[in-house]
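One structure is given here, and the rest of the page talks about it.
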Amino acid sequence: MKLIILPFFFLIFNLGMCQEKQYQSIKQGDFPEGVYETLEDVLNKKPTSTDEVYFKPSDVKDSSESPDKVFFYFKQKDKKIRIPLAVSHNGEMYFQTYRKYTNKKDKGYDPDQYSRFCKVTSYGRFIYFEENMRGMWSKALLGNLSPMTYLMNGNIKGIVLDLDNKEFNILRDCGDLNGFLKQHQIPEIKCDSEKFTIGELRATIDEINEPYR
């Protein structure tokens, strides 16, 4: 009888372990201060450079200590930081977006302003930030407009760094969000893409991230 019970016990135990899948997660403060050249540097939490930096707000009216969107500069050279993917500064992590690192279906989108870094607003199973993004066709149609008009017509998109698949996903509407949730075995939400707001997206991602902080 003992010989029968023992294998059965290990079978149940292994099934339980499979069901309780462990996911990677990131907490605020996990990234050492510095400039991160590539996605690999970010995932390894190893800055490419630790030279001192400072920032200027993207919006000159934003006088907060940690603005949501900034331009970074190397302090010693007084040179703008253009190419690196991310910067960890004063406990905050900032990203800019590149097609190189985005999901295949999102490669047609670019930010309204290059070399602009966006502050991470939610940590946990996914890293989340927001940027004004446009599809390439939209950008072509707006090519003859003034830069001010172009920026005013930008669309805010939620962006998540998927630590499991090592790529960025641009969440454009609630249908896009549900596709992302389904891919990660997370229950889908009831929503209407015509009415779904960026605030609701933030709240959804924040709720998912909460247990992983």
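In this chain, numbering begins with 1 at the start of the sequence shown.
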(request) Looking only at non-hydrogen atoms, find the nearest pair between Asn169 and Lys105 and report the distance. (result) OD1-NZ, 4.3 Å

(request) Hey, could you give me the OG/CD distance between Ser49 and Glu33, rounded to the nearest 0.5 Å? (result) 11.0 Å

(message) Please say yes or no: joined through hydrophobic side-chain contacts below 4.5 Å, possibly via intermediate residues, are Phe71 and Met93 part of one cluster?
(response) no

(request) Evaluate side-chain contact (heavy atoms from CB on, under 4.5 Å) for Ile26 paired with Ile127, printing each intermediate quantity in order. (result) CA-CA 7 Å; Ile26 295 287; Ile127 289 176; 4.1 Å; yes

(request) Tell me whether the guanidinium CZ or amine NZ of Lys77 lies under 6.0 angstrom from the six-membered ring centre of Phe74 and within 45° of its axis. (result) yes

(message) Using a 6.0 Å distance limit plus a 45 degree cone around the ring axis, check whether Lys80 lies over the aromatic ring of Phe72.
(response) no

(request) Please say whether more than 12 non-hydrogen atoms of neighbouring residues, nucleotides or ligands are located less than 6.0 Å from CD in Gln28. (result) yes

(message) Once rounded to the nearest 0.5 Å, what's the spacing between atom CZ of Phe126 and atom CD1 of Ile205?
(response) 7.0 Å

(message) Starting from Tyr98, can I reach Val120 by hopping between I/L/V/M/F/W/Y residues whose side chains sit under 4.5 Å apart?
(response) yes

(message) Once rounded to the nearest 0.5 Å, what's the spacing between atom CD of Gln24 and atom CZ of Arg125?
(response) 10.5 Å

(request) May I ask you to test the Phe168-Phe129 pair for a side-chain heavy-atom distance under 4.5 Å? (result) yes

(request) Would you please name every residue forming a side-chain hydrogen bond (donor to acceptor under 3.5 Å, both in side chains) with Ser193, sequence neighbours left out? (result) none

(request) Check whether Phe95 and Tyr36 end up in the same hydrophobic cluster, where Ile, Leu, Val, Met, Phe, Trp and Tyr are linked by side-chain heavy atoms less than 4.5 Å apart. (result) yes

(message) Between Tyr73 and Ile81, is there a side-chain heavy-atom distance shorter than 4.5 Å?
(response) no

(message) I'd like to know if Asp68 pairs up with Lys119 as an ion pair, taking the criterion as any Lys NZ or Arg NE/NH1/NH2 lying under 4.0 Å from an Asp or Glu carboxylate oxygen.
(response) yes

Considering only distance and modelled atom types, tabulate donor-acceptor pairs under 3.5 Å from the side chains of residues 51-60, sequence neighbours left out.
{"residue": "Glu52", "atom": "OE2", "partner": "Lys75", "partner atom": "NZ", "Å": "3.4"}
{"residue": "Tyr54", "atom": "OH", "partner": "Asp78", "partner atom": "OD1", "Å": "2.3"}
{"residue": "Asp59", "atom": "OD1", "partner": "Lys61", "partner atom": "N", "Å": "3.0"}

(message) Looking at every heavy atom in both Ile159 and Ile170, which two are closest together, and how far apart are they?
(response) CG1-CG1, 4.3 Å

(message) Counting C-beta onward and ignoring hydrogens, is there a side-chain heavy-atom pair between Glu37 and Ile83 closer than 4.5 Å?
(response) yes

(request) Give the intermediate values and the outcome of side-chain contact (heavy atoms from CB on, under 4.5 Å) for residues Asn178 and Asp176. (result) CA-CA 6 Å; Asn178 275 330; Asp176 206 31; over 6 Å; no

(request) Would you give the length of the straight line joining atom CD of Gln96 to atom OH of Tyr114, rounded to the nearest 0.5 angstrom? (result) 10.5 Å

(request) Step through the shown structure and confirm whether more than 12 heavy atoms of other residues, nucleotides or ligands are within 6.0 Å of NZ on Lys79. (result) no

(message) A side-chain contact here means heavy atoms from C-beta on lying under 4.5 Å apart; do Asp206 and Arg213 qualify?
(response) yes

(message) I want to check something: taking the side chain as every heavy atom from C-beta on, are Ile208 and Ile186 in contact at a cut-off of under 4.5 Å?
(response) yes

(request) Output, in order, the C-alpha distance, side-chain angles, deciding distance and verdict of side-chain contact (heavy atoms from CB on, under 4.5 Å) for Glu40 and Leu43. (result) CA-CA 5 Å; Glu40 288 70 29; Leu43 295 172; 5.7 Å; no

(message) Less than 4.5 Å apart, side chain to side chain, heavy atoms only: is that true for Thr102 and Thr97?
(response) no

(message) Show every ring-ring contact (aromatic ring centres under 6.0 Å, His included) that has at least one partner inside residues 186-211, sequence neighbours left out.
(response) none

(request) Kindly assign one of parallel, tilted or perpendicular to the pair His184 and Phe180, based on the angle between their ring planes and the thresholds 30° and 60°. (result) tilted

(message) Any salt bridge linking Asp62 with Lys69? Criterion: basic side-chain nitrogen under 4.0 Å from a carboxylate oxygen.
(response) no

(request) Apply side-chain hydrogen bond (donor to acceptor under 3.5 Å, both in side chains) to the pair Asn165 and Asp162, showing each step before the final yes or no. (result) CA-CA 6 Å; Asn165 294 319; Asp162 180 347; 2.8 Å; yes

(request) Quick one: pull up CD1 in Ile189 and SG in Cys174 and give me the separation to the nearest 0.5 Å. (result) 6.5 Å

(message) In the structure I gave you, are the side-chain heavy atoms of Ile156 and Glu131 within less than 4.5 Å of one another anywhere?
(response) no

(message) Can you give me the closest heavy-atom contact between Glu188 and Leu181, atom names plus distance?
(response) CA-CD1, 4.2 Å

(message) Working to the nearest 0.5 angstrom, can you tell me the gap between Tyr212 OH and Ser122 OG?
(response) 12.5 Å

(request) Check whether any side-chain heavy atom of Thr204 sits under 4.5 Å from a side-chain heavy atom of Tyr128, and report yes or no. (result) no

(message) Under a 4.0 Å threshold between the charged nitrogen and the carboxylate oxygen, would Glu167 count as salt-bridged to Lys104?
(response) no

(request) Report yes or no: do Leu85 and Val87 belong to one cluster of Ile/Leu/Val/Met/Phe/Trp/Tyr joined by side chain heavy-atom distances under 4.5 Å? (result) no

